[in-house]
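Shown below is the structure under consideration.
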Amino acid sequence: MIDQHIASAFDRDLEEIQAHVMKMGGLVETAIRDGAKSLKRRDEELADAVRKADKKIDALDTQIQEECARLLALRQPIASDLRTVLTVMRIAANLERVGDYAKNMAKRTSVLVHMQPIDGASGAIKRMAVEVQLMLSDVLDAYIRRDVDLAQDVRHRDIEVDQMYNALFREFLTFMMEDPRNISSCMHLHFIAKNIERMGDHVTSIADQVIYLVTGDMPEEARPKGNAPNYELPTGGDDGARS
């Protein structure tokens, strides 16, 4: 009876933590969508809202990490229960990083609205961001449903994001070579595209964690990656997402 009570308490605690994870995931999806929308519309007010909303994402990450640590200390889970708690902590950490990249996208947008636009760039970046947002939505569904096939599908879709980034990179080089006045705008746009590409990497990390949660093993095959350019533009001071 005591063991049953402990198990029931663990399940309740874990359900509450997982609800926080899903709320956090929803906030991150919104940040990606609104960050891309603010760039497309050249909406400085929306970009500022994305930056401010990141505090809620950070607060949820802190809460989840603390609650998971408390759960580990008090309940001392083993086997699949332990794997679930560790997975939740890693998913939250990846979501927090994606949120940081969305915030950085909004910071760059606040600068770009005062610059000459680059034809077609904001639309292409928005399409790339939408793909990452859809991947994130699917991987969160895969986590809730414990769906390995859907998680694997998300992993393989990351190659599309890489290919979008590589195409944008080459376009920005062309614009800069054609007219040096485009250099500043293209540099900022490149930083945004690179941030979105890294969002995709974190989403595929979540997919890896879902597979680990269900099977007990990390995926054996390496993640598919698009062919990277032979060289890259410098990534700047805030490309690492921390600020």
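Sequential numbering from 1 along the given sequence is applied to the chain's residues.
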field: Non-hydrogen side-chain atoms of Glu96 and Met24 separated by less than 4.5 Å
entry: yes

Would you tabulate the side-chain donor-acceptor contacts of residues 76-84 under 3.5 Å, counting partners in other chains and residues two or more places apart, or write 'none'?
residue	atom	partner	partner atom	Å
Arg83	NE	Tyr212	O	3.3
Arg83	NE	Leu213	O	3.1
Arg83	NH2	Leu213	O	3.3
Thr84	OG1	Ser80	O	2.9

- line: OG (Ser184) and NE2 (His114) are apart, to the nearest 0.5 Å, by 14.0 Å

message: Can you tell me how far apart NE2 (His188) and CE (Met105) are? Round to the nearest 0.5 Å.
response: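 If I round to the nearest 0.5 Å, the distance is 15.0 Å.
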
- prompt: Lys103 pairs by salt bridge (charged side-chain N to carboxylate O under 4.0 Å, His left out) with which of Asp58, Asp48, Asp54, Asp34?
  reply: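 Answer to the salt bridge (charged side-chain N to carboxylate O under 4.0 Å, His left out) test with Lys103 among Asp58, Asp48, Asp54, Asp34: Asp54.
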
query: Nearest heavy-atom pair of Leu136 and Gly25: which atoms, and what distance?
result: CD2-O, 4.2 Å

query: Going only through I, L, V, M, F, W and Y residues with side-chain contacts under 4.5 Å, is there a path from Leu74 to Leu86?
result: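 No, separate clusters.
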
- prompt: Are the side chains of Val154 and Asp158 in touch, meaning some heavy atoms are under 4.5 Å apart?
  reply: no

- request: Please list, chain by chain and in numerical order, all residues satisfying side-chain hydrogen bond (donor to acceptor under 3.5 Å, both in side chains) with Arg42, sequence neighbours excluded.
  value: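 Arg42 satisfies side-chain hydrogen bond (donor to acceptor under 3.5 Å, both in side chains) with no residue once adjacent residues are dropped.
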
Within 6.0 angstrom of Lys37 NZ, more than 12 heavy atoms from elsewhere: yes

message: Let me confirm one number: the CG-CE distance from Leu71 to Met89, rounded to the nearest 0.5 Å.
response: 10.0 Å

message: Tell me whether Arg70 is salt-bridged to Glu67, with the criterion being a basic N under 4.0 Å from an acidic carboxylate O.
response: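 No.
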
message: Assess, by modelled atom type and distance only, whether the side chains of Asp61 and Gln65 contain a donor and an acceptor separated by less than 3.5 Å.
response: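 Distance-only check passes for Asp61 and Gln65.
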
- prompt: Do you know the tightest heavy-atom contact between Ser122 and Lys40?
  reply: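 Closest approach of Ser122 to Lys40, heavy atoms only: OG-CD, 3.6 Å.
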
- request: Check whether Val50 and Val203 end up in the same hydrophobic cluster, where Ile, Leu, Val, Met, Phe, Trp and Tyr are linked by side-chain heavy atoms less than 4.5 Å apart.
  value: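 Val50 does not cluster with Val203.
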
field: Minimum heavy-atom distance between Ser110 and Arg51, given as atom pair plus value
entry: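 So the two residues come closest at OG-NH1, 4.1 Å.
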
- prompt: Are Leu134 and Leu39 connected in the hydrophobic side-chain network, where two residues link if heavy atoms are under 4.5 Å apart?
  reply: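 Looking at the clustering, Leu39 is in a separate group from Leu134.
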
task: Evaluate the side-chain proximity of Val85 to Phe10: yes if any heavy-atom separation is below 4.5 Å, no if none is.
output: yes

query: Are Gln63 and Leu60 close enough that some pair of their side-chain heavy atoms sits under 4.5 Å apart?
result: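 Yes, side chains in contact.
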
Residues which pass side-chain hydrogen bond (donor to acceptor under 3.5 Å, both in side chains) with Glu171, listed by chain and number, not counting sequence neighbours: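 Glu171 satisfies side-chain hydrogen bond (donor to acceptor under 3.5 Å, both in side chains) with no residue once adjacent residues are dropped.
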
- prompt: Where is the tightest heavy-atom contact between Glu29 and Ser137, given as atom of each residue plus distance?
  reply: OE1-CB, 3.6 Å

query: Does the distance from a Lys or Arg side-chain N to an Asp or Glu carboxylate O, for Arg41 and Asp43, drop under 4.0 Å?
result: no

query: Any side-chain heavy-atom pair from Met176 and Ile118 closer than 4.5 angstrom?
result: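 No, every pair of side-chain atoms sits at 4.5 Å or beyond.
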
message: Is there a path of hydrophobic side-chain contacts, each under 4.5 Å between heavy atoms of I/L/V/M/F/W/Y residues, joining Ile196 to Val130?
response: no

- request: Could you grab the distance from atom CG of Leu112 to atom CD of Glu44, nearest 0.5 Å is fine?
  value: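 One gets 10.5 Å once the value is rounded to the nearest 0.5 Å.
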
- prompt: Is there side-chain contact between Met218 and Gln209, with at least one heavy-atom pair below 4.5 Å?
  reply: yes

message: Closer than 3.5 angstrom, by distance alone: can the side chain of Thr215 be matched with the main-chain N or O of Ile211 as a donor-acceptor pair?
response: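 Confirmed, Thr215 side chain pairs with Ile211 backbone.
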
message: Please evaluate residues Glu197 and Met128 with respect to the criterion side chain to side chain contact (heavy atoms under 4.5 Å, CB included), reporting the C-alpha separation (whole Å), side-chain torsions for both, the decisive distance (0.1 Å), and the verdict.
response: CA-CA 8 Å; Glu197 187 269 336; Met128 186 178 173; 3.8 Å; yes

message: Let me confirm one number: the CG-CD1 distance from Asp141 to Ile144, rounded to the nearest 0.5 Å.
response: 8.0 Å

- prompt: Which atoms form the tightest heavy-atom contact between Ser38 and Gly35, and what is the distance?
  reply: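 The answer is OG-O, 2.8 Å.
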
task: Show your working on side chain to side chain contact (heavy atoms under 4.5 Å, CB included) between Arg97 and Arg198 and close with a plain yes or no.
output: CA-CA 9 Å; Arg97 292 292 281 169; Arg198 289 185 175 177; over 6 Å; no

- request: For a side-chain contact (heavy atoms from CB on, under 4.5 Å) with Leu189, tell me which candidate from Asn182, Ile125, Leu168, Thr109 qualifies.
  value: Ile125

message: Taking salt bridge (Lys or Arg N to Asp or Glu O under 4.0 Å) as the definition, give me every residue that meets it alongside Arg181, ordered by chain and number, with sequence neighbours left out.
response: Asp179

field: Residue pairs passing the salt bridge (charged side-chain N to carboxylate O under 4.0 Å, His left out) test where at least one lies in residues 14-23, sequence neighbours excluded
entry: none

- prompt: Short question: side chain of Ser185, backbone of Pro117 - any donor-acceptor pair under 3.5 Å?
  reply: no

field: Donor on one side chain, acceptor on other, Tyr143 and Gln18, under 3.5 Å
entry: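 Yes, because at least one side-chain N or O of Tyr143 sits under 3.5 Å from a partner of the opposite role on Gln18.
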
Any pair counted as salt bridge (charged side-chain N to carboxylate O under 4.0 Å, His left out), so long as it reaches residues 125-139, sequence neighbours left out: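 Qualifying pairs: Glu131-Arg157, Asp138-Arg157.
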
task: Determine whether Ile192 and Met187 fall in the same hydrophobic cluster, where Ile, Leu, Val, Met, Phe, Trp and Tyr are linked whenever their side-chain heavy atoms lie under 4.5 Å apart.
output: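 Yes, Ile192 and Met187 fall within the same hydrophobic cluster.
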
field: Atom of Ser205, atom of Asn94 and distance for their closest heavy-atom approach
entry: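 Closest pair (atom of Ser205, atom of Asn94, distance): CB-OD1, 3.4 Å.
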
message: In the structure I gave you, are the side-chain heavy atoms of Met135 and Met199 within less than 4.5 Å of one another anywhere?
response: no

- request: Report the distance from atom CG of Asp100 to atom NZ of Lys107, rounding to the nearest 0.5 Å.
  value: 9.5 Å

query: Should the ring pair Tyr165 and Phe169 be called parallel, tilted or perpendicular, given that the plane angle runs from 0 to 90° and is split at 30 and 60?
result: tilted

task: Report yes if the side chains of Leu95 and Ile206 come closer than 4.5 Å at any heavy-atom pair, otherwise no.
output: yes

